[in-house]
> 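Dumping the structure here so I can ask a few things about it.
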Amino acid sequence: MKATIWHNPKCGTSRKTLAILENLSKVDVTVVEYLKDPPTVEKLAQLFKDAGMEPSEGLRLRGTDAEERGLPDANGETVLRAMAADPILINRPLVETEKGVRLCRPQDIVLEIL
């Protein structure tokens, strides 16, 4: 099985999720450090759709200026554009497999799509 993780190495939950993926021999993991290589608006839209989430549900509030910018109440397109332009606004980690996408908070949620 292939899995892609949108990863922030400074985030403990992201590191724990990556460890789960790397410790399973059946998983071929692609790591995308999204702060260095941010996803496009289109990719973000697809990820949140496949996760069954609204973009605002994947918005990182802690440690960002999202609330000051009014993003929690903004429409999905505005949130997606803000995330693509400033990827620190993306809550992490997002993991995508052929079984779906999950925002893995807590990290054990990744097991739902493996």
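As the structure is a computational prediction, the values presented were derived from the model and not from experiment.
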> Evaluate the criterion side-chain contact (heavy atoms from CB on, under 4.5 Å) for residue pair Leu35 and Arg92; output intermediate values, then yes/no.
CA-CA 11 Å; Leu35 293 175; Arg92 74 283 183 155; over 6 Å; no
> How long is the span from the CG atom in Asp50 to the CG atom in Leu94, to the nearest 0.5 Å?
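It is 11.0 Å, given to the nearest 0.5 Å.
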> Nearest 0.5 angstrom please: Ile90 CD1 to Phe48 CZ, how far?
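Spacing of CD1 (Ile90) from CZ (Phe48) equals 6.5 Å.
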> Just checking Glu77: does its CD atom have more than 12 heavy atoms from other residues, nucleotides or ligands closer to it than 6.0 angstrom?
yes
> Using only atom types and a distance under 3.5 Å, with no angle test, would you say the side chain of Thr13 pairs donor to acceptor with the backbone of Arg105?
no
> Spell out, as yes or no, whether a donor-acceptor pair under 3.5 Å connects the side chain of Thr97 to the backbone of Ile113.
yes
> Going from CD on Gln107 to CG on Leu21, what distance comes out if it is rounded to the nearest 0.5 angstrom?
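The CD atom of Gln107 sits 11.0 Å away from the CG atom of Leu21.
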> Going only through I, L, V, M, F, W and Y residues with side-chain contacts under 4.5 Å, is there a path from Met1 to Trp6?
no
> A side-chain contact here means heavy atoms from C-beta on lying under 4.5 Å apart; do Leu59 and Pro72 qualify?
yes
> Test Glu96 against every option in Arg102, Gln46, Lys2 by the side chain to side chain donor-acceptor pair (under 3.5 Å) rule and name the one that passes.
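Exactly one option meets the side chain to side chain donor-acceptor pair (under 3.5 Å) with Glu96, and it is Gln46.
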> Side-chain heavy atoms nearer than 4.5 Å, only ILVMFWY residues, links allowed to pass through others: does that put Val32 and Val101 together?
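In one cluster: yes.
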> On a heavy-atom basis, which atom in Ala84 and which in Pro87 lie closest, and how many Å separate them?
O-CD, 4.2 Å
> Drop me the distance from Ser56's OG to Met83's CE, to the nearest 0.5 angstrom.
8.0 Å
> Nearest 0.5 Å please: distance from the CD atom of Glu67 over to the CG atom of Asp73.
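With rounding to 0.5 Å, CD (Glu67) is 9.0 Å from CG (Asp73).
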> Are Ile109 and Ile20 joined in one hydrophobic group, where the rule is that I, L, V, M, F, W and Y side chains link up if heavy atoms are under 4.5 Å apart?
no
> Side-chain contact, heavy-atom cut-off 4.5 Å: Ser14 with His7?
yes
> Taking atom OG1 of Thr64 and atom CD1 of Ile88, what is their separation to the nearest 0.5 Å?
8.0 Å
> Indicate yes or no for a side-chain donor-acceptor contact from Arg15 to the backbone of Pro9 under 3.5 Å, with no hydrogens or angles considered.
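Yes; at least one donor-acceptor contact below 3.5 Å.
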> Quick check on the hydrophobic clustering: are Leu89 and Val79 connected, directly or via other members, by side-chain heavy-atom contacts under 4.5 Å?
yes
> In this structure, would Val95 and Leu114 fall into the same cluster of hydrophobic residues linked by side-chain contacts under 4.5 Å?
yes
